[in-house]
> 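Let me give you the structure first, and then I'll get to my questions.
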Amino acid sequence: MADIFDVVADPTRRDILGVLLDRETTVPESGGEISVGEIVTALGVSQPTVSKHLKVLREAGLVFVREEGQHRYYRLDRGPLERLEDWLIPFVSTDAAADAAALAGVDAAGDEGLNDDQRAFASALGKAFADTAHQVTAVVVSKKRR
């Protein structure tokens with residue numbers, strides 16, 4: 001887990017991840033892929049700098065790369081970020097203790113709460129909400145950068 005924190009601690013790498021997310025959400029027909037040159041243009045940073053940071057992101061498993069001749073096309077790999085999000089949620093939830101108890105199926109009085117089907121539905125709903133909140137935040141942050 002420490003490695004991913006080190007990777008996303010760098011503001012340029014976070015900006016690159018933001019560009020990849022923006023491409024994924026605004027140009028879905030691209031499959032989320034974007035060339036190194038387009039990332040350079042979007043960030044106004046030198047190509048060697050972008051390439052150096054993309055290498056770090058690739059080694060951390062945060063991006064996929066597709067080579068076509070001398071060109072490389074990158075896209076976001078959400079897997080590591082989703083695992084990070086799953087780890088972070090209990091720390092940033094407004095009522096982490098109540099959330100944990102609800103997921104465990106125990107109410108505030110210590111009584112059994114939700115059955116397995118209800119718990120699975122609540123978990124899926126919570127994940128969908130968290131994913132949507134993350135996407136909205138990313139779009140808002142992206143718009144503010146422009």
Side-chain angles (χ1 to χ4, degrees), residues 1-106 108 113-114 116-146:
M1 198 60 75
D3 292 339
I4 196 167
F5 285 114
D6 290 338
V7 171
V8 298
D10 184 276
T12 301
R13 289 193 283 267
R14 288 194 309 267
D15 289 344
I16 291 170
L17 290 171
V19 168
L20 293 170
L21 178 64
D22 187 53
R23 171 55 65 106
E24 184 180 278
T25 56
T26 61
V27 190
E29 63 274 9
S30 71
E33 289 188 336
I34 186 170
S35 71
V36 174
E38 290 174 292
I39 297 170
V40 167
T41 300
L43 297 179
V45 181
S46 72
Q47 187 274 325
T49 299
V50 169
S51 292
K52 175 187 81 167
H53 288 293
L54 283 167
K55 179 182 180 198
V56 174
L57 291 168
R58 190 174 60 247
E59 289 173 350
L62 291 168
V63 297
F64 292 108
V65 63
R66 180 178 61 85
E67 296 182 23
E68 188 175 290
Q70 292 184 343
H71 301 281
R72 286 177 173 70
Y73 298 89
Y74 287 85
R75 67 183 167 90
L76 187 62
D77 180 356
R78 291 173 176 264
L81 295 170
E82 288 171 351
R83 288 189 295 277
L84 177 63
E85 178 186 39
D86 291 344
W87 182 82
L88 282 171
I89 285 174
F91 297 96
V92 297
S93 176
T94 55
D95 193 356
D99 292 346
L103 287 174
V106 178
L114 304 175
D116 289 341
D117 289 338
Q118 292 168 324
R119 210 173 2 266
F121 176 75
S123 178
L125 185 62
K127 181 160 179 29
F129 176 76
D131 288 345
T132 302
H134 171 72
Q135 290 175 359
V136 169
T137 301
V139 168
V140 170
V141 168
S142 174
K143 298 289 183 196
K144 286 183 180 179
R145 282 191 217 135
R146 292 181 185 170

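In this text, all values refer to a predicted model and were calculated from it rather than measured experimentally.
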> So, Arg23 side chain and Gly32 main chain: donor-acceptor pair closer than 3.5 Å or not?
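Side chain of Arg23 to backbone of Gly32, a donor-acceptor pair under 3.5 Å: no, none is there.
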> Report yes or no: does Arg14 contribute a side-chain atom to a donor-acceptor pair with the main-chain N or O of Val8 at less than 3.5 Å?
yes
> Can you confirm whether Ile16 sits close enough to Val45 that some side-chain heavy atom of one is under 4.5 Å from a side-chain heavy atom of the other?
no
> Which atom names give the shortest non-hydrogen contact between Arg13 and Asp6, and what distance separates them?
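In terms of heavy atoms, the two residues are closest at NH2-O, 3.6 Å.
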> To the nearest 0.5 angstrom, please state how far the CG atom of Leu84 sits from the CD atom of Glu82.
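It comes to 10.5 Å.
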> What heavy-atom pair brings Asp22 and Thr26 nearest, and what distance separates the two atoms?
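It is O-OG1, 2.6 Å.
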> If you measure from CG on Leu81 to CG on Leu88, what distance do you get to the nearest 0.5 Å?
10.5 Å
> Give a yes or no on whether the backbone of Ser35 and the side-chain of Arg72 come within a donor-acceptor separation of less than 3.5 Å.
no
> Please report the interatomic distance CG(Leu43) to OG1(Thr49), rounded to the nearest 0.5 Å.
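Here the interatomic distance stands at 10.5 Å.
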> Do Ile39 and Leu54 have side chains that get closer than 4.5 Å, going by heavy atoms?
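In contact.
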> Return the CG to NE2 distance between Leu17 and His53, rounded to the nearest 0.5 Å.
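Result: 11.5 Å between the selected atoms.
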> Is the shortest side-chain heavy-atom distance between Ile4 and Leu62 below 4.5 Å?
yes
> Within this structure, what is the OH-CD distance for the pair Tyr74 and Glu38, rounded to the nearest 0.5 Å?
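Between Tyr74 OH and Glu38 CD, I get 13.5 Å after rounding to 0.5 Å.
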> With a cut-off of 6.0 Å (strictly less than), are more than 12 heavy atoms of other residues, nucleotides or ligands near CD of Gln70?
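No, not enclosed.
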> If every non-hydrogen atom of Val7 is compared with every non-hydrogen atom of Ala60, which pair is closest and at what distance?
CG2-CB, 3.7 Å
> Atom CG in Leu76, atom CG in Leu57: separation rounded to 0.5 Å?
9.5 Å
> Over all heavy atoms of both residues, which pair between Gly61 and Pro80 is shortest? Give the atoms and the distance, please.
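It is O-CG, 3.2 Å.
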